[in-house]
Number of protein chains: 2
Amino acid sequence: MTNIRKVAELAGVSVATVSRALKSPDIVSPTTREKVLKAVDQAGYKPNLMAVQFRSQRTYNLVVLVPTIANTFFARVISGIQEAAQERGYGVLLCNTLGNEAMETQYASLVSTRQADGVIQLRAFNPFSEKAFPDGAVLPMINACEVLDDAPCPTVKLDNRAAAREATEHLISLGHRRIGMIKGPRRSPLTRDRQQGYQDALSAADIALDECLLCPGDFTPRSGYQSAETLIALAERPTAIFCESDEMAIGAISRIKEAGLRVPEDISVAGFDDIAFASYSDPPLTTIAQPAEAFGREAVAMLIEVLEGRQVDNLVLPYTLVSRASTATCRP
Amino acid sequence: MTNIRKVAELAGVSVATVSRALKSPDIVSPTTREKVLKAVDQAGYKPNLMAVQFRSQRTYNLVVLVPTIANTFFARVISGIQEAAQERGYGVLLCNTLGNEAMETQYASLVSTRQADGVIQLRAFNPFSEKAFPDGAVLPMINACEVLDDAPCPTVKLDNRAAAREATEHLISLGHRRIGMIKGPRRSPLTRDRQQGYQDALSAADIALDECLLCPGDFTPRSGYQSAETLIALAERPTAIFCESDEMAIGAISRIKEAGLRVPEDISVAGFDDIAFASYSDPPLTTIAQPAEAFGREAVAMLIEVLEGRQVDNLVLPYTLVSRASTATCRP
DNA sequence: ATGAAAGCGCTAACAG
DNA sequence: CTGTTAGCGCTTTCAT
């Protein structure tokens, strides 16, 4: 492998000059620069970035901790991350953690071991030990999408409570009063906030909360399918279901139809995320559109700010209620 | 940041001893080992892997070139890659190339610049220039899923021709003789092979090929939707459609229903990939199941073999026809 | 404008 | 078993 020394010999200059000709062309004389560039070309020289990084103590790699890459919402977030990182000369180390905290901690240590400069965490968990970054220290991390309440770092998120409230209000405005909810994982702040929003809407409309209508889920189509089954079987069946993800909504619709019921005639269904399939489901899904790619892009921009020692504010991104055919007037 | 020297001072030994105590504990005396480990703990020492890598000339990073991470099939492949890489102590540098050759070349140069040890390419394109790896040299690359005909490296793929033939034969066996096909990108070997399989099946059943029934697509639901529109509008409408991806099949079904036609009563639809949504579409999708995660796992295993200088054979993974409700007997 | 030389943190001869 | 020493390839003072 050709290194800078080879190039220096070939050009008849010192290694320092080669380095300078490449990094700050303006401070070497045009003639030397020419010579160097010719030698670089001739030798097919590519700087060993491992050495460069080692020297400069920066890797230009970002670690992304994603709960599951199989979820199309996260896939979109990652696209955004990937794109923004590339533009700024950073690589992306993708870690599919499946929500496993040990794994997240392990991956975060890529930063302690200087394999990466910072972390984008897409789940509400701090993967850094007190030890690695004692108190006062600024964590090289951004927490995005699902955010810790007392995050030790800057965050980008949606106003999940408001969004869930709006989705629920949409159903209420269609005349629904018995509205089921298929939730996300138990201890997720995201789920808690969305449930809050759901309850806010009910309260505002003077509808009493019925715990039976609250079903567990894990964002997969399968869990939506199963929880829909429970809801359908209820003595007093809901006329609408609000799902915390489109994937669950699609699973739920599948189960509802299997039971011989129609969407939205018998049961309206609303989702959350606005994934690509939402438009192609039957019926097309009413949902809350999240700016998934923007989450990724913003997280990268913020993380780089942090890495460069600047102050960063938390960010709340906008959502939109997209009304499609899966929700309709209640006609019991 | 604490480094090996600090630890050495703290333990009252040389840096070499610290290094040894950590890398090959058996060749240092138990007492020194203890001292060193205590010092390591006390200093909160983590080896600077950048330095280790720099020294050992290995990064333990793999580059993955993926056409689009938004496709759930690739998401599964990546999960497999990710998992296998982690088990073997490798990190994954994910590159969403959108099929852009310049981008792929650029990312592949992470290897030339020693940011990564090898490449897993999920598209039929060689991202390495002749210059970087002259002829004889063994490319540190595995080509998976969509494979070049004369790949310059080991490959893992499906027998796409046989799989497409089987899917088509399934439709023929149901009495269909007018079978549309929604294809993948124009110049993809994958598309060519699948079309071959489709034609193989037609020939074997003495059905003449009708070019009108061949529609373009790009694996997205949207393209399936559009091509279905074309097929429906045909004077002699097909009674079945074979799509090269489930995402297109889902788009196609959506369009067919919009036209007031029923699946499978009026038109049967078959897909390819068996993504998670295939079971939850209405009707559930008949499709060719690919072992997506296995592609990822095998590619990693093979790449590491190559990196360690061993010989590797090409691999063909098995597929399965999964028959669900979207295909049924032809009754014109 | 250029060169000589130090050193980033670590490992691996080579001595002892 | 342990210490000394020489780099890995590069950037960056400090001289010239």
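In what follows, every heavy atom counts, from backbone to side chain, and hydrogens, waters and symmetry copies are set aside. Below, read A as the first sequence line, B as the second, and so on, with proteins coming before strands; counting in each chain starts at 1. Everything quoted here is computed from the prediction, not taken from an experiment.
Whole-Å rounding puts the B:E34 CD to D:dC1 P distance at 15 Å. Distance B:K46 NZ to C:dG9 P: 17 Å, rounded to the nearest Å. Going from atom CZ of A:R5 over to atom C1' of C:dG3 covers 15 Å, rounded to whole Å. The CE atom of B:M50 sits 18 Å away from the P atom of D:dC8 (whole-angstrom rounding). Atom CZ of B:R58 is separated from atom C1' of D:dC8 by 16 Å (rounded to the nearest Å). Summarising the geometry, the separation between CD1 on B:I27 and C1' on D:dT2 is reported as 10 Å, rounded to the nearest angstrom. Between B:L22 atom CG and D:dC1 atom P the separation is 17 Å, expressed in whole Å. With rounding to whole Å, A:Q53 atom CD is found 16 Å from C:dC10 atom C1'.
Within the structure, every pair that satisfies the ring-ring contact (aromatic ring centres under 6.0 Å, His included) test and touches residues 65-119 of chain B, not counting sequence neighbours, is listed here: B:Y60-B:Y90. Pairs of residues two or more places apart, or lying in two chains, never qualify as ring-ring contact (aromatic ring centres under 6.0 Å, His included) while including a residue from residues 1-48 of chain B.
Residues passing the ring-ring contact (aromatic ring centres under 6.0 Å, His included) test with A:F54, sequence neighbours excluded: B:F54. Scanning for side chain to side chain contact (heavy atoms under 4.5 Å, CB included) contacts around B:P127 gives B:L65, B:E104, B:A108, B:Q121, B:F125, B:M141, with sequence neighbours left out.
Side-chain polar atoms of B:S109 and B:S112 form no donor-acceptor pair below 3.5 angstrom. A:N143 and A:T155 are not linked by any side-chain donor-acceptor pair at a separation below 3.5 angstrom, with hydrogens and angles left out of the test.
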Tell me, with the steps shown, if A:N126 and A:L148 meet side chain to side chain contact (heavy atoms under 4.5 Å, CB included).
CA-CA 8 Å; A:N126 178 359; A:L148 279 162; 4.1 Å; yes
Test log, rule side chain to side chain contact (heavy atoms under 4.5 Å, CB included), inputs B:R55 and B:V52:
CA-CA 5 Å; B:R55 188 79 230 294; B:V52 174; 5.7 Å; no
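Comment: A:E293 engages A:R76 in a salt bridge, judged by a side-chain N to carboxylate O separation of less than 4.0 angstrom.
When each of C:dT2, D:dC10, C:dG3 is scored by its nearest atom to the side-chain atoms of A:T32, the top-ranked nucleotide is C:dT2. The side chain of B:S14 sits closest to D:dT4 out of C:dG3, D:dG9, D:dT4.
The aromatic ring of B:F54 does not sit over the base of C:dC10; the criterion of centres under 5.5 Å apart with planes under 30° is not met.
Residue B:N3 places at least one side-chain N or O under 4.0 Å from the OP1 or OP2 atom of C:dG9. Residue A:Q57 has a polar side-chain atom (N or O) positioned under 4.0 Å from OP1 or OP2 of C:dG9. Between A:S29 and the phosphate of C:dT2, there is a side-chain N or O to OP1/OP2 separation shorter than 4.0 Å.
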Under 4.0 Å protein heavy-atom contacts per nucleotide of nucleotides 11-16 of chain D, with B for base, S for backbone only and - for none
BBB---
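Each of B:R114 and B:G12 lies near DNA chain D, and the nucleotide nearest B:G12 is the one positioned closer to the 5' end.
Within 6.0 Å of CD in B:E308 there are more than 12 heavy atoms belonging to other residues, nucleotides or ligands.
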Return one dot-bracket line describing DNA chain C 5' to 3' (Watson-Crick or G-U wobble pairs, both distances under 3.5 Å; ( ) same strand, [ ] crossing, | another strand, . none).
||||||||||||||||
